[in-house]
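Everything on this sheet refers to the single structure shown next.
Each chain gets a letter, A, B and so on, in the order the sequences are listed, and its residues count up from 1.
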2 protein chains.
Amino acid sequence: MDDQGSGPLKSIADLARLAGVSVSTVSRALTGKGALNKGTRARIQALADHHGFRMNVAAQNLRLGRTGAIAVLMPLGHARGQQLSDPFFLTMLGYLADALTDRGYDLLLSRVLPDRDDWLDTFIRTGRTDGVIVIGQSDQGAALARAAASYRPLVVWGEQVRGDGPVTVGTDNEAGGRLAAQHLVDRGRRTLAFFGDVGVPEFAARHVGFLAGLPPELRDDVVLVTSPVTSEASEATARDWFAAGNRPDGIFAASDVVALSLIAAAQQQGLQVPQDISIVGFDDIPLARLTRPALSTIRQDIEMGAHHLVDLLVRRIGGEDAGSVQIAPELLVRESS
Amino acid sequence: MDDQGSGPLKSIADLARLAGVSVSTVSRALTGKGALNKGTRARIQALADHHGFRMNVAAQNLRLGRTGAIAVLMPLGHARGQQLSDPFFLTMLGYLADALTDRGYDLLLSRVLPDRDDWLDTFIRTGRTDGVIVIGQSDQGAALARAAASYRPLVVWGEQVRGDGPVTVGTDNEAGGRLAAQHLVDRGRRTLAFFGDVGVPEFAARHVGFLAGLPPELRDDVVLVTSPVTSEASEATARDWFAAGNRPDGIFAASDVVALSLIAAAQQQGLQVPQDISIVGFDDIPLARLTRPALSTIRQDIEMGAHHLVDLLVRRIGGEDAGSVQIAPELLVRESS
DNA sequence: CTGTTAGCGCGTTCAG
DNA sequence: CTGAACGCGCTAACAG
């Protein structure tokens, strides 16, 4: 190395001294903002990356009055055993990480235990990030609406609520439910059931769409089974339900995880899928196409969802009044129906 | 509200004015550091949270010469189709988020595409975090070793390498391989195969342990099949392999995802699991106990792993010279063997 | 026990 | 086109 023996460069002041210019010149050179002689800019930049110098992002952000980070809040609740195993979250996280990086933001991940109902306000007030993305509103609609009322850079993945809820990005869950209904009817199924917790807005919309997509004579006989979202619990629920003698010929599950549990439980009861019973899920998790039988499902476009979430958030940070977005779902027919 | 009409509190200076004290007094009151009259401290604290005031963490960190964040780098490569769907990562992430939060650190998530071999050095040089946790060394041993040579607050989840690699936390993969071997032998299996990519250190160690756990007369006949790690690719590999007429009676897979693909492929060939063939995985992902047959596997204690990763990292940040940790694996016998 | 002062590393007027 | 000076919000000596 041909360092001048003055040690590592800790700040733009060091670099300025080395280059024989002032700190503001270095600042202009490295940020690319402000007018500056082409030559000096190039010279300073060359010097900078020759020494592997990087500006202190924290100081930069402090000066600019921002944090440079976006929080992604998820119910990663292993303690409470929620969707921890749901591959949906990780997929979403991957796409969000990309989209945020492209915009120059860091991704601050925070796990949330919504025990106290002011968890969101508390987080926001710390001012650790320039914006917040919440994945899955679950039953936290009230907390989200309250926070959204006074904090604009907040976007939520989930079902769009009427009234003054937060800005959301999500699949058109009702349309998804209708797709499932029409498909099961096409398959000649008549005795139908819905598995899911309609206390969760997303699932409620899927249920509504499912009923709406059915011919009137079938609609009233649809059984609604309130099922938990985790694999373990939903499988237990399904097992008990089949053991009680229930024998529908078509089931629409609120999520793929629930659908897979249903298949497992049905097979344990000696039922053939799809011969005896058609099962359709929702999400299209990677595993859906690998099980035997492969799962028919309503696909959510997670990549597009992540893209919209970030786009919306960035625009709201910029002061725009960007509104909610719905994404069209898609029916994937595989073996389970 | 009974605000004095002076608007929201933006800094400790505002609070100081309101309380009739100096900024340093407010600083001492809110941080709890330094000597201060009990009464004033309480008074200022009360005033602060009455107004919902929070200190600017960025400024605090700038002054303290730290960032208050830890980076978690993961090969979340949907573009390259890696372990994106592997629930292992999300589980680990959840535990890491908890452990870091407990220590007062933010978790900065960054997705990594290890195309250029200086990805780690580049990230570290930005100085965005006080430390780095890398999940899964994959084939990046060289990059990790190089970074570790000059950057101390770096810990890696994965197999411990001899020589001057980074500090690691990981399961004792060799011991895990031995457990699998002994179990298959106990089951009377004689014609054995290992599915996995031994170019990845973790998998190589599992393979070595597997062979070591076998009686000499079986050892030489073990077939090594280099399998990809994703569901799709590994299932294709398995299908082709079975289709070529290979008929072992016992297989140890380098991961649960691969093991599940093996089961699917075997069943497609009309093979009964475990009657015709025993299959053992590695990880114990949540799904392992839900498939039919439920997967026998070598369990990794992810929670303990996350705990050790954070503990080690924090100690190294503090200047300690803490070394690598290995965690004992556990055999879980279910239905697939 | 509390106030004053001097930076942490950077961006940005305002002069020259 | 470039430099000097000030301040973002906070902490840590050093005085009093």
Side-chain angles (χ1 to χ4, degrees), chain A residues 6-45 47-49 51-69 104 106 125-130, chain B residues 6-45 47-49 51-69 104 106 125-130:
Chain A
S6 27
L9 272 34
K10 311 251 331 168
S11 71
I12 58 173
D14 295 343
L15 226 193
R17 209 170 301 123
L18 206 73
V21 296
S22 76
V23 288
S24 49
T25 299
V26 174
S27 171
R28 282 188 276 253
L30 265 35
T31 59
K33 293 162 128 180
L36 196 55
N37 181 300
K38 273 254 179 192
T40 27
R41 168 162 298 161
R43 186 167 62 84
I44 293 172
Q45 253 164 358
L47 203 60
D49 50 48
H51 287 264
F53 174 77
R54 316 236 113 179
M55 287 206 285
N56 182 320
V57 183
Q60 195 169 19
N61 287 334
L62 175 62
R63 180 60 236 248
L64 294 175
R66 52 163 213 177
T67 68
D106 284 331
R125 274 221 314 267
T126 65
R128 290 210 305 260
T129 61
D130 297 333
Chain B
S6 26
L9 271 33
K10 313 250 330 167
S11 71
I12 60 173
D14 294 344
L15 226 193
R17 209 169 302 123
L18 204 75
V21 296
S22 76
V23 287
S24 50
T25 298
V26 173
S27 172
R28 281 187 277 252
L30 265 34
T31 58
K33 295 162 130 179
L36 195 56
N37 180 299
K38 274 254 179 188
T40 27
R41 168 161 298 160
R43 187 166 61 85
I44 293 173
Q45 253 163 359
L47 204 60
D49 51 49
H51 287 262
F53 173 77
R54 314 237 116 177
M55 286 207 286
N56 183 319
V57 183
Q60 193 170 22
N61 287 333
L62 175 62
R63 181 60 237 245
L64 294 176
R66 53 164 213 178
T67 68
D106 284 331
R125 274 220 314 265
T126 65
R128 291 209 305 261
T129 61
D130 297 334

Nearest whole angstrom, please: distance from the [atom2] of [N] to the [atom1] of [X].
{"X": "A:R17", "N": "D:dA4", "atom1": "CZ", "atom2": "P", "answer": "13 Å"}
{"X": "A:I44", "N": "C:dG11", "atom1": "CD1", "atom2": "C1'", "answer": "15 Å"}
{"X": "B:L15", "N": "D:dG9", "atom1": "CG", "atom2": "C1'", "answer": "13 Å"}
{"X": "A:N61", "N": "D:dC10", "atom1": "CG", "atom2": "P", "answer": "16 Å"}
{"X": "A:R128", "N": "D:dC10", "atom1": "CZ", "atom2": "P", "answer": "15 Å"}
{"X": "B:R54", "N": "D:dC10", "atom1": "CZ", "atom2": "P", "answer": "13 Å"}
{"X": "A:L30", "N": "C:dC10", "atom1": "CG", "atom2": "P", "answer": "9 Å"}

Under 4.0 angstrom between B:S27 side-chain N/O and D:dT11 OP1 or OP2
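So the side-chain polar atoms of B:S27 do come within 4.0 Å of the phosphate oxygens OP1 or OP2 of D:dT11, strictly under.
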With the side chain counted from C-beta on, respond yes when [X] and [Y] share a heavy-atom pair under 4.5 Å apart, and no when they do not.
{"X": "A:V21", "Y": "A:R43", "answer": "yes"}
{"X": "A:L47", "Y": "A:F53", "answer": "no"}
{"X": "A:N56", "Y": "B:L62", "answer": "yes"}
{"X": "B:M55", "Y": "B:T31", "answer": "yes"}

Just by modelled atom types, is the A:R28 backbone N or O under 3.5 Å from a matching donor or acceptor in the A:R41 side chain?
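Between the backbone of A:R28 and the side chain of A:R41 there is a qualifying donor-acceptor contact (under 3.5 Å).
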Go along nucleotides 1-9 of chain C 5' to 3' and tag each nucleotide: B for a protein heavy atom under 4.0 Å from its base, S when only backbone or sugar atoms are that close, - otherwise.
SBBB-BBBB
Taking A:R66 as the fixed residue, which of A:D130, A:T129, A:N61 is the one that meets the side chain to side chain donor-acceptor pair (under 3.5 Å) rule?
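Testing each of A:D130, A:T129, A:N61 against A:R66, the sole residue satisfying side chain to side chain donor-acceptor pair (under 3.5 Å) is A:N61.
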